[in-house]
Amino acid sequence: MRTVIGSLVALALLALLALTVPRAGAEGDQPAAAPAANAPAAAAPAAAGKDIEVKLCDNHTTTTVPADQARTAENGAKIAQSLMAQWLEKNPESGWVQEELEKHEMKMPADNSGLVGRGQGATYAAISAEDVLVWKNETVKLAAEGSTIFHSGDKLKSQIAVSCDMCHPHAANTHPETYPKFQPQLGRVALLRDMINWCIEHPVRGEKLEADSPNMRALEAYIIAQRKGAVMDYGRR
């Protein structure tokens with residue numbers, strides 16, 4: 001299954017294995033008695049007649065399963081597939097990110113899975129697997145959006161049907177790690193976004209982007225992502 005969709009399936013499975021939300025059973029059901037103070041910890045048996053509602057990471061898509069079936073691997077896979085089938089039906093264009101990754105040889109972001117369970121200052125008391133997947137998916141999505149712009153004269157509003165990739169296939173020879181640096185074309189020290197706009201206005205003959213516009217942010221994300229592993233060396237010619 002494709003990368004982004006696969007991540008959503010993983011999240012569905014994580015949601016399943018995490019705390020689930022029992023739905024109310026028949027009237028008169030009582031909560032189980034608390035164990036004695038010195039009793040050994042044990043997994044609580046599933047309550048007969050109750051269902052478990054499992055929610056996908058979009059916080060909207062749900063499915064319901066019998067509590068006594070929820071924790072088997074086979075049923076876990078079926079539950080994830082059910083959730084994803086619903087999600088895909090509501091999001092028919094969800095594969096665009098993966099298509100962009102494959103079409104333009106995009107590089108993937110750093111693997112942060114080793115941080116699961118650790119803290120990170122005041123922002124995260126404990127990093128979860130869901131946190132790591134969100135970081136990855138949102139970062140990839142922004143870079144992929146930048147790729148669609150980088151490779152499209154229409155999105156760049158080029159008057160001559162030129163796109164960035166015609167001079168820089170897969171963002172080659174853009175060297176974002178060398179900015180800020182003095183650029184003769186501008187006669188001053190430039191940031192990466194300054195040179196992006198210079199190229200859009202001149203070789204591409206498109207429309208200049210606002211410095212903090214969504215398209216500029218996406219273009220910067222894509223260009224930087226494609227230089228993964230390059231050493232930061234600002235000012236280098």
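For clarity, every value in this text was computed on a predicted model and none was experimentally measured.
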Verify side-chain hydrogen bond (donor to acceptor under 3.5 Å, both in side chains) between S152 and D154, making sure each step is shown before the conclusion. CA-CA 5 Å; S152 172; D154 288 341; 5.0 Å; no
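Not a single donor-acceptor pair under 3.5 Å links the side chain of T61 to the backbone N or O of L83. Not one N or O on the side chain of K107 forms a donor-acceptor pair closer than 3.5 Å with the backbone of R227.
Counting only heavy atoms from C-beta outward, the side chains of K155 and N215 never approach each other to under 4.5 Å. A 4.5 Å side-chain heavy-atom check between T178 and R237 finds every atom pair outside the cut-off. Taking 4.5 Å as the limit, every side-chain heavy atom of V97 sits out of range of all side-chain heavy atoms of E100. The closest side-chain heavy-atom distance from R205 to V162 is not below 4.5 Å. Proximity of Y222 to I149: side-chain heavy atoms (C-beta onward) are nowhere separated by under 4.5 Å. Counting heavy atoms from C-beta on, the side chains of M195 and L186 come closer than 4.5 Å. Within the 4.5 Å cutoff, no side-chain heavy atoms of N112 are placed close to those of K136. Put simply, the side chain of E210 does not reach to within 4.5 Å of the side chain of M216, judged on heavy atoms.
Checking K103, H104, H170 one by one against H151, the side chain to side chain donor-acceptor pair (under 3.5 Å) holds for a single residue, H104. Checked options L192, I224, L209; the residue passing with L219 is L209 (criterion: side-chain contact (heavy atoms from CB on, under 4.5 Å)).
For the atom pair CD1 of I52 and OG1 of T62, the computed distance is 13.5 Å after rounding to the nearest 0.5 Å.
Other residues, nucleotides and ligands contribute at most 12 non-hydrogen atoms within 6.0 Å of the CZ atom of R217. Heavy atoms of other residues, nucleotides or ligands lying less than 6.0 angstrom from NZ of K157 number 12 at most. By the 6.0 Å contact criterion, CG on D233 is enclosed, its count of non-hydrogen atoms from other residues, nucleotides or ligands being greater than 12.
Applying the salt bridge (Lys or Arg N to Asp or Glu O under 4.0 Å) test to every pair with at least one member in residues 182-195, sequence neighbours left out, gives these pairs: R188-D194, R193-E220.
Between R236 and E177 there is a salt bridge, since at least one side-chain N of the basic residue sits less than 4.0 Å from a carboxylate O of the acidic one.
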